[in-house]
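First the structure, in the form of structure tokens, and then the observations on it.
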Amino acid sequence: MDESRYNPNAIEKKWQAKWDADKLYRSVIDESRPKHYALTMLPYPSGDLHIGHWYAMTPSDARARWMRMRGYNVLFPMGFDAFGLPAENAAIKDGVHPMKRTYANIERMRLQLRSMGAMFDWEREMVSCDPEYYRWTQWFFIQLYKSGLAYRKMSAVDWCPNCNTTLAREQVWGDDRHCERCGTSVIKKDLDQWFFKATKYADELLRFDEIDWPQTVKTLQTKWINRSEGAEVQFPIELESVNWEFGKWETNPMSKSTNPQVTVFTTRPDTLWGATFMVFSPEHPLVDKITTPEQKAAVDEYKAQAARQSDIEREATDKEKTGVFSGAYAINPVNGERIPIWIADYVLMSYGTGAIMAVPAHDERDFAFARKYGLKIIPVIQPEGAPLRLPPNSPNLGGEKDGGYMTEAYVGAGVMVNSAQFNGTKVNTEKGRKNPGIGAVIDWLEQKGIGKESVNYRYRDWLISRQRYWGAPIPMVHCDKHGWNPVPDDQLPVELPEDVEWKPTGESPLKLHPTWKNATCPVCGEPATRETDTMDTFMCSSWYHLRYLSPKYDKGPFDDKEYNYWMPVDTYTGGIEHATMHLLYTRFFHKALRDAGVTEGNEPMMQLRNQGMVLGEDNEKMSKSRGNVVAPDVLVKQYGADTVRAYLMFFARWDMGAPWDSQGIEGSARWIRRTWTLFTDGEKRPLGSSETLKVLRRKVHQTLRRVTTDFENFQFNTIVSSLMELMNEMYKAREAGAVGSTEWAEAQEIYLKMMAPVAPHIAEELWSRIGKPYSIHTQTWPAVDESAAKEDSIEIPVQVNGKVRDRVIVAAEASDEEVKSAALASEHVQKFLEGKEPRKVIVVKGKLVSVVV
RNA sequence: GGGGCGAUGGCGGAAUCGGCAUACGCGGCGGUCUUAAAAACCGCUGGUCUAACGACCAUGUGGGUUCAAGUCCCACUCGCCUCACCA
């Protein structure tokens, strides 16, 4: 083979084997060095590494390598998120066991990952479907159960009819409420399921003060949790309104002497006096009890229609509001007014209490509803200036013109009116007690015992039951006498049976298995039944970063020694699509386990950075059906891993992503080849001038300064372009006779060190070819020589009235006066002054001169 | 509909604190080498006008602040992301 030609496949294979044999990337505890835990999101073993994986992992690897060169003891592990639906769905089709398929895929992807030349420590690999891994996933479930954070509840949950399983709220996407995995619209089912009490941590999850995460992720999580402050208020229902035969009131069993109460949540207790009707969700359990015989037919029909409607239709925001009168009345507790109770589907059973007080004057939805059905509107907040005017014939509003009158709800600031002793109280647009009107009313409600301050969240508890086979079995056993109990630790893991049948019945093979579910009760030892549901795979990925610490440890999920040294994760990188899923689950998980005494600290990952997405050449999302998928294996074969790495770092801003350009990679390939030529072409020229060498050295140190800050800031594209510039400069210097000088030797050394994190193989090869000791990857990152980086003379643009008219060259150290006179001495500048005296001359040191006439 | 992010040559992008707009690369054009092509190398490459020196215009649109705006402020247009009757 021709040794002088750049042959990426040969040198990459050679160095990967050597690094492997030398355990160059093995990370072990070393108290003498500061640690750095760099983590990139682990892949699902789909069978092929995608260019998107390369895009996410390569810059993360480069930065981890850079941290290592800066003296940190770096942990950069890799593993597989191996449970999940695709493997099981494929099994139903072709009968290949998910275990077999998954491990075959992992085998293949390991090779592909190795071809990247990343510094993964493979001895720390974890695979979430390995029983030695999910043993601890189950153990964590039991810890949460023992902490009172896991509970079982019957409720209406989201069910994907295609995946045949329930989903967590986070896994239902879009306005058509489709399944995150397969895109099918979900339906509601009443099921008994396991939940984690994530809402207990809602307030803590809203605090981001300890972590350096992108604002967008913090905003998404904040919006997702959606804390709203307000009050709960009890509304008595008129005695005549209650259909007693329908059953008991839980709080007032068959007592006809006390009014039954219904609780509503409101963020606007200051508008209570304007509550002119109530609205119940069609699913509200009291609907049947309060509906009068005359209204029964209409209400039943409305309920049936609401149940028939899909969530899509029901949740369309711009849909006209519909509803039906129940015939019943409630009493507004603040003023004793008798107000009608309506049934409408714009009130959701899943938020608040499923019933609202309607204040049409100050709520848009209630206003629209009141106008449609001719209900009373009473303004209770009056803005400054022109008072709100009701339509003249309110409450009967049909067909009237609205000129000069209220045409929409007033939601701004103002003064309370029509509100008894609160008249005159100022109201602003703040939420909760920050609003003086709300604060005053809450105090009064609490004192009167008809309401209390309350906080509501949109955030739901985490539904983790999945009616599927390919997941970690929920380690619970049910006994007729003793109910649900966790499987004792010494019986973990509860392993998945291998001898199962794949039938497209929609039932989990675990449920259909003849014997697997037979167990004994941990309390009495009598026959009992295993839970046949498995856990959401997000449970597996909520703690994988902990398993990397000690993947073979069998006395616990991790070895404390490793935990104490490496945790928390210092830098976490991955896609933003997990903002309200994995990234929220893992924070909850860490906090819950902190309180159970398992983990330490408040947050698992201190710094988070998100990469963008590589689109297809057609500017569309890559997909097999579009035929625009870029295969990294092909590119590696054609160009070598170093070129692919360099191009992925160069071609777009990492946090933004961009469409793929198959021509563009030629530029990176050229850079790598030209670097090769620069270092291997031994052609000598007569030694050049000292100025040449000085200019070269200056460029080297300027580049080093830039590359260092760019690594710090995840600006990978400009790292590569700076190196390209330096290379061009080195070619010029070589032409001018720099080869053989100490400056040239230094340039070569620093250039390769800067290149090493980006293109580790060629950097190692050239490093050894210039006679340096193995390995470049254990070298120290060079320090910038600021005096060398400094320019001696600089070109200063001179502006006249804001336009650049000339450039003058001055010494870098020149005083403002010197620069000013040099600028004014310019003929060209004088021409534009047209003989006039400058009114003002602004000198910005080292930047420019601005002359104003 | 609410919220967030963004818009710079033919394309991806660069521009630290408000201080030379278009770095670096792709593509294009011209050239060297070659029988030829590829590769490699050299030069040009935002627009308009000009023989040239050079002038004028240009960072989605319209205003504003400033000696100076891609960068700050206001309004709008388009695109992407996100939530979506949340009481």
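A quick note: this is a predicted structure, and the numbers were derived from the prediction, not measured.
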Side-chain donor-acceptor pair under 3.5 Å between A:Y751 and A:T675, yes or no? yes
Check whether any side-chain N or O of A:K431 sits under 4.0 Å from OP1 or OP2 of B:C86, and answer yes or no. no
Can you tell me the distance, in whole Å, between the CD atom of A:Q215 and the P atom of B:U82? 17 Å
Inter-nucleotide P distance (B:C17, B:C73), Å rounded: 14 Å
Let me spell it out: for each of A:F651 and A:G664, pick the nucleotide of RNA chain B with the closest heavy atom. Which residue's pick is nearer the 5' end? A:F651
Does the side chain of A:R365 get closer than 4.0 angstrom to OP1 or OP2 of B:C86 through an N or O atom? yes
For nucleotides B:G12 and B:C56, find the distance between their C1' atoms and express it as a whole number of Å. 30 Å
Measure the distance from CZ on A:R458 to P on B:C86 and round it to the nearest whole Å. 11 Å
Which whole-number value in Å describes the distance from A:R227 CZ to B:G3 P? 21 Å
Any idea which of B:G12, B:C85, B:C86 is nearest the A:N226 side chain? B:C86
Mark yes or no: A:R645 above the aromatic ring of A:W54, with NZ or CZ under 6.0 Å from the six-membered ring centre and no more than 45 degrees from the axis. no
Flag if over 12 foreign heavy atoms under 6.0 Å of CE, A:M727: yes
P atoms of B:G2 and B:G9, separation to the nearest Å: 29 Å
Could you pull out all residues at least two apart from A:E232 that satisfy side-chain hydrogen bond (donor to acceptor under 3.5 Å, both in side chains)? none
Which of B:C67, B:G12, B:C56 is nearest the side chain of A:R805? It is B:C56
Suppose you measure atom P in B:G70 against the same atom in B:G64; what distance do you get, rounded to whole Å? 15 Å
Sort me out a list of protein N/O and nucleotides 41-49 of chain B N/O pairs below 3.5 Å, or just none if empty.
residue : atom : partner : partner atom : Å
B:C41   : OP1  : A:R674  : NH1          : 2.7

A:R807 side-chain proximity, nearest of B:C20, B:A14, B:C67: B:C20
Is the A:W671 to A:Y647 ring centre distance short of 6.0 Å? no
Nearest of B:C85, B:G19, B:C57 to any side-chain atom of A:Y346? B:C85
Please report the distance separating the P of B:U71 from the corresponding atom of B:C20, rounded so that it comes out in whole Å. 13 Å
Tell me: CH2 of A:W671 to C1' of B:G25, nearest whole Å? 12 Å
Base, sugar-phosphate, or nothing for A:Y457, non-hydrogen atoms under 4.0 angstrom? nothing
May I ask you to evaluate whether A:T718 reaches the phosphate of B:C24, defined as a side-chain N or O under 4.0 Å from OP1 or OP2? no
Can a side chain N or O of A:R653 be found less than 4.0 Å away from OP1 or OP2 on B:U8? no
Can you tell me if A:Q799 touches the phosphate of B:A68, counting only side-chain N or O atoms and a distance under 4.0 Å to OP1 or OP2? no
Matching residue for A:E725 among A:K732, A:K699, A:R706 - test: salt bridge (Lys or Arg N to Asp or Glu O under 4.0 Å): A:K699
Judged by nearest nucleotide, the residue sitting upstream toward the 5' end of RNA chain B, A:S721 or A:W224, is A:S721
Distance between C1' atoms of B:U48 and B:G43 (Å, rounded): 24 Å
For a quick check, tell me whether the side chain of A:K847 and the base of B:C20 share a donor-acceptor pair closer than 3.5 Å. no
Please round to the nearest 0.5 Å and tell me the distance separating atom CZ of A:F277 and atom CD1 of A:I339. 9.0 Å
Between B:C20 (P) and A:I794 (CD1): distance, integer Å: 13 Å
In whole angstroms, the gap separating P of B:A39 from CD of A:Q663 amounts to 10 Å
Counting just side-chain N and O atoms, does A:N728 come under 4.0 Å of either OP1 or OP2 of B:G25? yes
